[in-house]
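Working notes, beginning with the structure itself.
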Amino acid sequence: MTAIGIHLPQLVERPTADTVAAAVECAVAAERLGYDAISVNDHITYHGPWLDGPTLLAAAAARTERIGLATTILLASLRGAAVSAQTLTALRLLSGDRLIAGVGIGSHAADHELCRVPYERRGAALDEAIAELRARCPDGPPIWIASWGRALRRVARSGDGWVASAFHCTPDAFAEQWARLQDLLADEGRDPDAFPNMVATLFFYVGPDAERVVAERLAPLMGKAPADLIPQCALGSSDQVRERIQAFADAGAQQIHLWPAADPLAQIEALAELAIPA
């Protein structure tokens with residue numbers, strides 16, 4: 001059975017105490033409604049205001065009891081592996097071992113520029129960070145590695161699981177990458193059947209005005225053209241959203257983390273009615 005998670009709403013028009021509190025309430029609601037997990041992403045800067053992921057996850061850990069937590073991803077090479085190890089250790093202790101630590105190279109060059117990590121060596125920087133995280137957190141959370149299809153060898157070699165992104169691949173592309181990763185795991189002498197995955201960053205909106213919401217609200221916050229963004233989302237009627245989720249499940253996704261494009265609390269409620277029973 002595919003687990004369903006909720007990505008907390010980090011993209012906001014303006015960071016205020018109310019927007020932070022609302023994001024944490026989404027975590028509380030997700031647990032109440034029976035979702036399997038909550039997740040956060042990571043940027044140092046972005047096209048618009050951005051709520052810090054590890055901080056939100058820490059607040060959510062303190063307000064919940066059973067729901068899983070995940071970073072999808074944490075920019076350990078930019079934040080610094082030693083600092084990231086401290087952060088992940090604190091999150092693990094706050095949550096009682098409910099945490100999956102997803103890490104990745106990052107896709108936003110401005111993050112690297114601010115942190116003075118050359119963008120062209122982001123892969124090597126991540127490899128170094130993973131090695132240091134494992135040395136500093138021997139009893140830490142499992143470290144899953146994000147890849148949008150290019151660096152699957154790193155996932156097979158160094159990861160405890162794989163984080164894919166619905167924003168960067170279709171269900172068909174995910175299925176192809178998953179099959180390739182299973183071959184790479186076998187090459188590395190690892191058991192493909194015991195290796196987990198998740199699909200993150202599936203933006204969704206249930207309702208007849210879904211495309212307008214994405215075009216007017218989400219696209220400007222992400223700095224994307226609506227025509228590029230809308231095809232990557234789960235939008236429209238309950239049946240349309242369910243079909244998109246099911247397509248990833250049929251492709252082999254074991255966890256799917258969905259991100260409300262707007263009206264997060266209402267959308268989490270709407271999604272629960274169609275996704276959790278299925």
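We count residues from 1, following the sequence as given.
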What distance separates [X] [atom1] from [Y] [atom2], expressed to the nearest 0.5 Å?
X	Y	atom1	atom2	value
E269	R32	CD	CZ	5.0 Å
L99	L94	CG	CG	10.0 Å
C233	L258	SG	CG	10.5 Å
L51	T19	CG	OG1	5.0 Å
Q255	I4	CD	CD1	9.5 Å
F204	L274	CZ	CG	8.5 Å

Look at the rings of [X] and [Y] and say which category their plane angle falls in: under 30° parallel, 30 to 60° tilted, over 60° perpendicular.
X	Y	result
W162	F174	parallel
W259	H7	parallel
H168	W148	parallel

Ion pair [X]/[Y], N-O distance below 4.0 Å:
X	Y	value
R242	E273	no
R153	E188	yes
D263	R217	no
D111	R122	no

Could you report the tightest heavy-atom contact between [X] and [Y], atom names first, then the distance?
X	Y	value
G123	I105	CA-CG2, 4.0 Å
V199	S165	CG1-C, 4.5 Å
L75	G104	CD2-O, 3.9 Å
A81	L133	O-CD2, 3.5 Å
D42	P54	OD1-CD, 4.4 Å
P171	A251	O-CB, 3.4 Å

Is [X] linked to [Y] within one hydrophobic cluster, defined over Ile, Leu, Val, Met, Phe, Trp and Tyr using a side-chain heavy-atom separation of less than 4.5 Å?
X	Y	value
I268	V28	no
V206	L235	no
L271	I67	yes
W50	F167	yes
F203	I256	no

Decide yes or no for [X] and [Y]: does some side-chain heavy atom of the first lie under 4.5 Å from some side-chain heavy atom of the second?
X	Y	result
R79	C115	no
L185	D191	no
H112	E120	no
L33	I6	no
R98	I38	no
L114	H43	no
T71	I100	no
R212	Y205	no

Pairs under 3.5 angstrom only: tabulate donor-acceptor contacts from the side chains of residues 139-147 to other protein residues two or more places apart or in another chain.
from	atom 1	to	atom 2	distance (Å)
S147	OG	G149	N	3.1
S147	OG	A151	N	3.3

* Between L91 and L69, does a side chain to side chain contact (heavy atoms under 4.5 Å, CB included) hold up when you go through it step by step? -> CA-CA 9 Å; L91 285 170; L69 311 175; 5.7 Å; no
Is [X] reaching over with its side chain to a backbone N or O of [Y], donor-acceptor style, under 3.5 angstrom?
X	Y	value
Q10	N41	yes
Q232	A166	yes
E128	S77	no
Y35	A272	yes
S95	R92	yes
R190	A156	yes

Within 6.0 angstrom of [X] [atom1], more than 12 heavy atoms from elsewhere:
X	atom1	answer
E113	CD	no
E132	CD	yes
R66	CZ	yes

* Does a donor on one side chain and an acceptor on the other come within less than 3.5 Å for Q246 and D250? -> yes
* **side chain to side chain contact (heavy atoms under 4.5 Å, CB included) evaluation trace for H108 with H47** => CA-CA 10 Å; H108 194 47; H47 302 285; 3.9 Å; yes
* **Intermediate values then yes/no, side chain to side chain contact (heavy atoms under 4.5 Å, CB included), V163 and H257** => CA-CA 10 Å; V163 181; H257 287 245; over 6 Å; no
Review item, side-chain donor-acceptor pairs of residues 218-231, under 3.5 Å, at least two apart:
none

